[in-house]
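What follows is a set of notes on a single structure, which appears directly below.
The residues of the chain are indexed from 1 along the displayed sequence.
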Amino acid sequence: MESRKFHFDSLLTPTGWQRDVTVVIDSAGIIAAIGAGAGGEPIPGIAVPAMPNVHSHAHQRFMLGLAERAGPGADSFWTWREAMYGFALRLSPDDLEAVAAQLYVEMLKSGFSVVGEFQYLHHAPDGTPYADPAEMSLRCLAAAQHAGIGITILPTLYAFGGFGGQDPAPGQRRFLNRAERFLKIVDHLSIQVASNSLQRVGISPHSLRAVTPDLLREVIAGLAADAPIHVHVAEQVKEVEDCIAFCGRRPVELLMKSFDLSGRWTAIHATHMTPAETAALARSGAIAGLCPTTEANLGDGIFPATQFMAEAGAIAIGSDSHITVSPAEDLRMLEYSQRLRDLTRNALAGGPGRSTGRTLYEAALKGGARSMRQPVGAIAPGCRADITVLDAGHPLLAGRHEDAALDTWIFSGGNALVRDVIVGGRHVVQDRHHIHEEQIARNFRRALRRLDT
């Protein structure tokens with residue numbers, strides 16, 4: 001790619017808002033300089049750093065809207081999970097690539113520029129390994145490349161069906177690996193992404209239900225020292241109860257006792273914590289990977305964000321099951337959950353006079369960049385040029401500038417306000433249209449027709 005220059009009317013930088021600025025991007029897609037005045041390709045609107053999406057199960061995009069009918073008994077996360085397994089058992093490699101590419105276009109059009117793909121469909125539907133053990137993860141990488149989104153691929157380590165090494169259920173047969181075969185997947189993916197500046201590799205031990213600490217230690221020993229590690233933990237009350245019954249400890253407590261957590265770790269959900277666990281997780285440096293719209297949809301519970309952020313805990317957001325795909329909606333839901341629980345307003349603003357939207361947005365940018373191990377999260381020299389541009393001409397933004405515009409996007413406008421998205425200096429969404437939108441949509445519809453037969 002040749003070096004490029006883009007001119008923006010308004011731009012959010014780490015030092016604050018700037019107006020009438022030009023961003024210089026080098027041939028590798030990295031921001032080289034930011035200067036006052038015109039001089040580049042004009043992109044009208046309000047530019048902010050594009051958001052990382054740290055938690056995605058792309059295959060669940062296929063079941064969007066198909067799990068919203070009450071069953072004969074009490075519905076819960078666990079009944080939803082059984083329905084999800086039924087969908088997950090049906091996708092071929094071609095299907096997953098088509099579904100993932102469509103999802104990644106939707107992410108880009110909402111203002112995300114990087115996805116953390118927590119990918120656990122490793123084998124054929126009957127559990128037989130593919131000739132290439134990394135087949136399904138490679139399909140997610142191919143989908144990301146086609147869509148033009150950054151990706152940190154997180155193949156999932158899954159071996160057991162419950163705490164203490166219980167036998168897995170039949171619906172989990174596509175997920176299962178032991179350490180040696182799993183590390184072959186990681187090694188193959190590491191080779192694959194080495195020449196792609198938008199792609200990284202980590203791992204995702206599914207949960208302490210699905211891996212034992214000893215198995216996870218064996219795998220971590222075979223990883224690069226800075227490879228990110230993402231793990232579901234304490235998402236459901238039943239999970240907490242089962243963990244206590246197994247070992248006398250709660251899941252977050254067990255995770256912290258078993259491992260030396262640090263900034264390479266992302267604790268996905270971490271919904272059900274005591275105040276002591278909340279403070280300890282915040283002090284550990286691990287990122288809390290929050291998925292508020294999915295957590296609401298599944299009836300998970302409310303993350304203790306007021307305490308966690310007051311303790312300087314790092315947060316990031318993800319769209320998880322993709323019931324909606326929108327950084328604005330997830331940040332809105334995060335804030336509103338605290339308001340509903342505590343009967344207050346502007347719960348996470350961080351102090352008098354501060355913009356709640358900006359506080360949340362900047363916190364999720366910082367935590368998301370660390371979680372993804374990618375050079376994003378800010379519009380500044382040395383960072384990759386991942387930029388979301390809001391439509392300043394939209395009626396909802398009439399008379400709104402800077403923090404007020406950001407608050408309006410998050411609390412009122414949502415995806416309707418996203419006009420352009422740049423990833424690594426490449427203009428992938430232009431005036432609300434993705435550069436490969438029609439082709440990717442056709443492939444997606446063909447996959448749905450196959451899956452519906």
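Taking CG of L103 as the start and OG of S56 as the end, the distance is 5.0 Å to the nearest 0.5 Å. Taken to the nearest 0.5 Å, the CG atom of L157 stands 8.0 Å off from the OG atom of S204. The line from CZ of R209 to SG of C243 is 10.0 Å long, rounded to the nearest 0.5 Å.
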Under 3.5 Å, side-chain donor or acceptor atoms of residues 248-257 against the rest of the protein: list the pairs with distances, not counting sequence neighbours.
unit_1 : atom_1 : unit_2 : atom_2 : d
R250   : NE     : E277   : OE1    : 2.8
R250   : NH2    : H272   : O      : 3.2
E253   : OE1    : R250   : N      : 3.2

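Residues L348 and T306 meet the side-chain proximity criterion, which asks for heavy atoms closer than 4.5 Å. Contact annotation: the side chain of H206 never approaches that of V211 to less than 4.5 Å [non-hydrogen atoms, C-beta and beyond]. Between E117 and Y104, some side-chain heavy-atom pair lies under the 4.5 Å cut-off. Contact of the I323 side chain with the L64 side chain is registered, since non-hydrogen atoms from C-beta on lie closer than 4.5 Å. In this structure, R61 and E106 have side chains that are in contact, with non-hydrogen atoms separated by less than 4.5 Å. Contact of the R339 side chain with the R345 side chain is registered, since non-hydrogen atoms from C-beta on lie closer than 4.5 Å. When side chains are defined from C-beta on, H427 counts as touching D420, because their heavy atoms get closer than 4.5 Å. For the pair S3 and V24, the minimum side-chain heavy-atom distance is 4.5 Å or more.
Using modelled atom types, one side-chain atom of R200 and one backbone atom of S197 make a donor-acceptor pair closer than 3.5 Å. Not a single donor-acceptor pair under 3.5 Å links the side chain of D330 to the backbone N or O of C291. Without hydrogens or angle criteria, W17 side chain to L12 main chain gives no donor-acceptor distance under 3.5 Å. Within the 3.5 Å criterion, the main-chain N or O of V325 finds no donor-acceptor partner in the side chain of S319. In this structure a side-chain-to-backbone donor-acceptor pair under 3.5 Å is present from Q307 to P275. Put simply, the side chain of H322 gets close to the backbone of D320: a donor and an acceptor are under 3.5 Å apart. With hydrogens and angles disregarded, a donor-acceptor distance shorter than 3.5 Å links the side chain of Q338 to the backbone of A305.
Tested against I203 for a side-chain contact (heavy atoms from CB on, under 4.5 Å), the candidates L223, I153, L154 yield a single pass: L223.
A side-chain donor-acceptor contact under 3.5 Å links N297 and E68. Looking only at atom types and distance, the side chain of Q374 has a donor-acceptor partner in the side chain of T152 under 3.5 Å away.
The aromatic rings of Y120 and F118 sit perpendicular, their planes meeting at an angle over 60°, well past the 30° parallel limit. Under the 30°/60° scheme for interplanar angles, the aromatic rings of F259 and W265 are found to be tilted. Ring pair H269/H232 is parallel by interplanar angle, where below 30° counts as parallel and above 60° as perpendicular.
Closest heavy-atom contact between F303 and A288: CZ-CB, 3.8 Å. Of all heavy-atom pairs between V54 and A316, the closest is CG1-CB, 3.7 Å.
For the pair R400 and F411, the NZ or CZ position fails the cation-pi test of under 6.0 Å to the six-membered ring centre and within 45 degrees of the ring normal.
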Inset, instruction - Take H55 and H230 through the test ring pair (Phe, Tyr, Trp, His ring centres under 6.0 Å) and record every step on the way to the result. - result: CA-CA 9 Å; H55 191 58; H230 290 213; 7.6 Å; no
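D431 has a carboxylate O that lies under 4.0 Å from a charged side-chain N of R419, or vice versa, which qualifies the two as a salt bridge.
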